[in-house]
Protein chains: 2
Amino acid sequence: MQRFHSLGYWLAYKDGVYDVSSFVENHPGGKQILKTAGKALESCWKIFTIHQIDHVYETLEQYRIGNLPKGEREANEKHQETVLDLFQYDPERVNANETFFIRSQRPFNAETKPNLLVSSFLTSVENFYVRNHMHVPVVNINEFKLEIRNEKSSRSLSYDDLVDKYKSHTITSAVQCAGNRRAAMNNEHQGAALGTQWYVGAIGNARWTGVKLRDLLESFGLDKEGKHVQFWGLDCDTSQRCYGASIPMEKALSEDVLLAYEMNGELLSSDHGYPLRVIVPGTIGARSVKWVNRIIVSDKEADSHWQMSDYKILPPSIKEPQQADFDRVPALQESNVQSAICSPSSDEDGNKIKVLSVKPNDKDKRLTVKGYALGGGGRAIQNVQISLDHGKTWFQAELEQLAQPHMRAWSWTLWTYHINASDIPSKPFDIVCRAMDTHGNTQPDTPLGIWNVRGVMNNAWHKITLQIDDSFLKKAKELK
Amino acid sequence: MQRFHSLGYWLAYKDGVYDVSSFVENHPGGKQILKTAGKALESCWKIFTIHQIDHVYETLEQYRIGNLPKGEREANEKHQETVLDLFQYDPERVNANETFFIRSQRPFNAETKPNLLVSSFLTSVENFYVRNHMHVPVVNINEFKLEIRNEKSSRSLSYDDLVDKYKSHTITSAVQCAGNRRAAMNNEHQGAALGTQWYVGAIGNARWTGVKLRDLLESFGLDKEGKHVQFWGLDCDTSQRCYGASIPMEKALSEDVLLAYEMNGELLSSDHGYPLRVIVPGTIGARSVKWVNRIIVSDKEADSHWQMSDYKILPPSIKEPQQADFDRVPALQESNVQSAICSPSSDEDGNKIKVLSVKPNDKDKRLTVKGYALGGGGRAIQNVQISLDHGKTWFQAELEQLAQPHMRAWSWTLWTYHINASDIPSKPFDIVCRAMDTHGNTQPDTPLGIWNVRGVMNNAWHKITLQIDDSFLKKAKELK
């Protein structure tokens with residue numbers, strides 16, 4: 001096969017030939033797709049297993065322009081065995097299935113099971129959700145350099161320089177993927193929300209220690225010019241296109257943006273960005289770049305796929321990202337107010353559970369409901385409310401939260417609400433939760449009004465359907 | 001009558017005697033109520049006409065402890081004629097009834113009629129809503145002094161010093177009362193939302209010119225210490241208790257907080273704070289103190305009634321402000337995302353209109369719907385959507401907005417949506433609007449989940465019910 005540049009990008013998969021020219025700009029994995037031009041997809045998808053879902057096959061099929069000549073398919077299959085495996089240095093993830101719902105192996109995308117999420121106020125390193133965009137890079141700490149530059153000058157720091165010469169700062173901050181709760185956005189009227197089908201677990205809350213980005217920028221005189229600060233990671237494809245994102249200078253110079261080297265008092269793990277990651281509290285996880293080794297002060301945003309053509313709220317009229325004019329939509333930064341019910345839950349994938357069987361506590365005959373809430377942009381949570389009648393009446397949950405300065409409430413809030421067993425109907429019933437921040441921002445009742453094809457920022461009321469366990473009902477009946 | 005201090009505060013109204021001790025802390029007008037202790041209310045309420053509504057009479061009646069001895073009522077009535085009228089210097093408001101729905105004369109509280117609100121992108125001084133908490137003070141500009149102090153030192157500036165010695169800065173910013181749209185919060189299940197019953201017009205958008213608060217604080221070296229900046233106005237009661245509010249130091253030092261002396265290029269009018277008012281963009285109107293003459297840098301918030309015991313979102317379980325523990329609830333600062341339909345509308349009070357009769361344009365046979373939207377805290381509006389089926393499907397409105405820096409979108413957005421006459425049912429139908437900011441914050445569908453007894457921060461979807469005008473329907477029928 002050949003690459004006919006003037007005709008566009010062709011590639012092969014199994015027996016088909018596809019012209020994906022018009023899809024290139026909208027590939028969720030960025031320009032990596034260009035590497036497959038003129039080639040067979042099988043070898044690539046064997047590595048990037050994230051493609052092995054129905055929607056991807058369906059999207060591809062729209063671009064079929066013909067079939068392979070006889071014999072070529074066999075040749076392609078033979079070629080696969082010699083492809084370099086970018087993911088060979090990903091860490092071993094022991095018993096990951098017990099902790100996570102694994103959404104893809106390559107890149108590794110895994111969300112924390114709901115029960116674990118609310119089992120402690122700080123999420124342990126082992127339980128913290130992982131959202132990788134590519135493979136995990138291997139870092140030799142003695143050779144690691146952090147480059148910091150603008151258009152005029154460039155400097156670099158060793159890891160030891162950074163840790164030793166700058167004051168350390170610790171914050172407690174949640175990190176949440178902009179796609180958290182994406183799966184609940186899919187609906188018949190509006191269509192599919194494309195991307196990793198997260199339930200409620202693409203979020204975690206940890207203590208982060210590192211150097212204030214502000215201190216670093218000031219020490220190099222880079223705080224006076226430039227509208228954006230770009231972060232680039234070591235997770236690059238073979239064409240040296242790396243994961244990158246940026247934040248506005250004003251945020252970069254604020255109190256708590258960190259270049260973090262510790263998570264919960266330990267060195268970062270490789271899945272969480274060893275040796276260095278950015279933490280941009282109050283902002284979508286995509287800006288907290290892992291494995292960061294380049295910081296660029298610029299008048300422009302990072303020109304990465306993930307800043308320019310992803311992590312944006314497209315208008316609801318756009319049903320395929322291919323149709324979108326991404327330049328007209330701003331890159332997401334601050335999160336919105338969020339909450340979710342995490343307990344009761346099951347070890348089964350939350351997206352698949354229609355009705356969850358529950359059993360009130362034997363002791364106090366109450367059903368305890370637990371979850372998290374998080375304000376966007378540092379806004380504190382003022383209340384979390386629970387409704388058993390679809391929003392007609394609401395009850396206040398008890399909150400567990402840190403005392404945090406005004407507009408710097410980066411940590412999540414955990415909440416608890418007890419329902420007396422006698423108030424629980426024997427038929428399946430719904431519980432919904434919603435949170436309000438201290439500024440009166442709250443969550444919409446359904447995702448209908450916020451639906452967008454990339455499924456980002458879903459903060460609709462979270463609903464689960466419960467059914468009292470038969471054995472409990474039987475026992476209660478016998479006691480009567 | 002006497003004031004029995006150890007027994008509490010007693011007062012008289014008509015034939016009744018009332019012990020309002022337990023109400024003092026929760027009086028919406030602050031400690032002014034103490035001035036009436038031991039006296040007859042008539043004289044006070046004759047001036048503060050805001051009390052002449054049913055709810056106030058009902059509240060008072062709860063505190064009745066007995067009746068006046070014979071003859072005292074007549075004596076009280078005679079006394080009224082000699083009372084000083086604090087409001088004697090309020091400006092003459094010519095034809096105010098044409099521009100505003102007047103909610104109270106004393107203090108003057110008036111909201112702009114909806115059609116006028118969307119008639120221009122900048123709200124004229126004459127059309128701008130007025131929310132006064134007391135009378136309008138009289139200022140001799142040659143004697144006016146702005147006092148700026150912390151605990152250690154105090155300085156003062158003349159009006160000319162301020163205008164001549166500091167650089168001027170102009171911003172376009174909406175100002176919105178936290179109680180805007182309060183009337184729509186009242187409902188049978190949860191009860192009354194107490195306070196001025198605003199429809200959608202307690203908002204306006206203007207260009208403000210003045211001195212940056214940051215420049216002023218820096219020039220006096222007051223920017224390094226203190227957690228809050230308090231503003232106090234010249235609108236004081238006869239005990240020299242003045243209107244006051246405060247904002248956090250971080251906000252005070254941000255780019256666009258102004259001590260404004262001009263509105264839309266003219267000197268401030270007396271109703272809008274002549275000679276000097278604060279403009280805290282992105283924040284509820286109550287912090288943009290009018291007639292400001294004292295700025296205090298402190299570790300404490302202003303101890304005024306309006307900072308401490310009002311303009312807070314009380315928990316929904318609180319049905320009377322008297323029951324509230326105000327200290328547990330933070331003072332409101334940033335606004336939330338808001339939108340409302342302003343046209344079609346009528347000159348009749350929007351709160352009272354059940355169904356509005358409308359007529360599509362004769363020319364293009366379309367019904368044009370217009371309104372405003374505003375993000376909180378400087379967040380830009382990303383979209384405004386219109387639904388004709390209660391939120392099942394949504395259409396995008398066209399937006400008119402300024403190019404504003406990231407997180408400094410202080411101006412409102414105006415929006416327009418056209419409905420083809422052929423798509424309008426002949427029976428009454430609802431239109432709802434909702435806005436989303438660039439961070440995915442949106443409005444809740446109903447006020448049920450955000451109800452609070454003080455009725456602040458209502459940003460539920462705005463709904464109006466329309467009925468096509470009979471004459472149009474008749475004509476359309478004839479043409480068929």
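Below, chains carry the letters A, B, ... as their sequence lines are ordered, and counting in each starts from 1.
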Check your understanding: Counting N and O atoms only, with roles assigned by atom type, does the side chain of Gln382(B) sit under 3.5 Å from a partner on the main chain of Ile313(A), one being a donor and the other an acceptor?
Key -> yes

Point to revise | Part of Asn459(B) lying under 4.5 Å from any heavy atom of chain A | key: side chain

Review point. Of the backbone (N, CA, C, O) and the side chain (C-beta and beyond), which part of Val456(B) lies under 4.5 Å from a heavy atom of chain A, both, or neither?
Key: neither

Study note, to complete from the structure: All heavy atoms of Gln385(A) vs all of Pro316(B), minimum pair found to be NE2-CG, 2.9 Å

Exercise for review: Determine whether more than 12 heavy atoms belonging to other residues, nucleotides or ligands lie under 6.0 Å from atom NZ of Lys319(A).
Suggested key: yes

Revision key, fill the gap. Ranked by heavy-atom pairs below 4.5 Å to chain B, first place among Val337(A), Leu332(A), Asn452(A), Ile450(A) goes to Ile450(A)

Review point. Do other residues, nucleotides or ligands put more than 12 heavy atoms under 6.0 Å from the CD atom of Glu225(A)?
Key: no

Exercise for review: Quickly, which of Met457(A), Gln443(A), Arg379(A), His439(A) forms a side-chain contact (heavy atoms from CB on, under 4.5 Å) with Asn441(B)? Name it, please.
Suggested key: Arg379(A)

Review point. Which bit of Gln333(A) is near chain B, if near means a heavy-atom gap under 4.5 Å: side chain, backbone, both or neither?
Key: both

Study note, to complete from the structure: Honestly, the part of Glu250(B) sitting under 4.5 Å from a heavy atom of chain A is side chain

Practice item. Spell out, as yes or no, whether a donor-acceptor pair under 3.5 Å connects the side chain of Asn336(B) to the backbone of Gly440(A). Key: yes

Exercise for review: Could you tell me which portion of Glu334(A) (side chain, backbone, both or neither) has an atom closer than 4.5 angstrom to a non-hydrogen atom of chain B?
Suggested key: both

Point to revise | Pairwise distance CD(Gln190(A)) to NZ(Lys392(B)) - rounded to 0.5 angstrom | key: 12.5 Å

Exercise for review: Please look at Ser387(B) and chain A and tell me whether the side chain, the backbone, both or neither of the residue comes under 4.5 angstrom of a heavy atom of that chain.
Suggested key: neither

Point to revise | chain B contact via Arg328(A) - which portion, at a heavy-atom distance below 4.5 Å | key: neither

Practice item. Please report the shortest heavy-atom distance between Gly449(B) and Arg434(A), naming the atom on each side. Key: O-NH1, 2.9 Å

Study note, to complete from the structure: Okay, Trp461(B) and chain A: the region with an atom under 4.5 Å from a heavy atom over there is side chain

Review point. Looking at Leu448(A) and Gly391(B), what are the two nearest heavy atoms and their distance?
Key: CD1-O, 3.6 Å

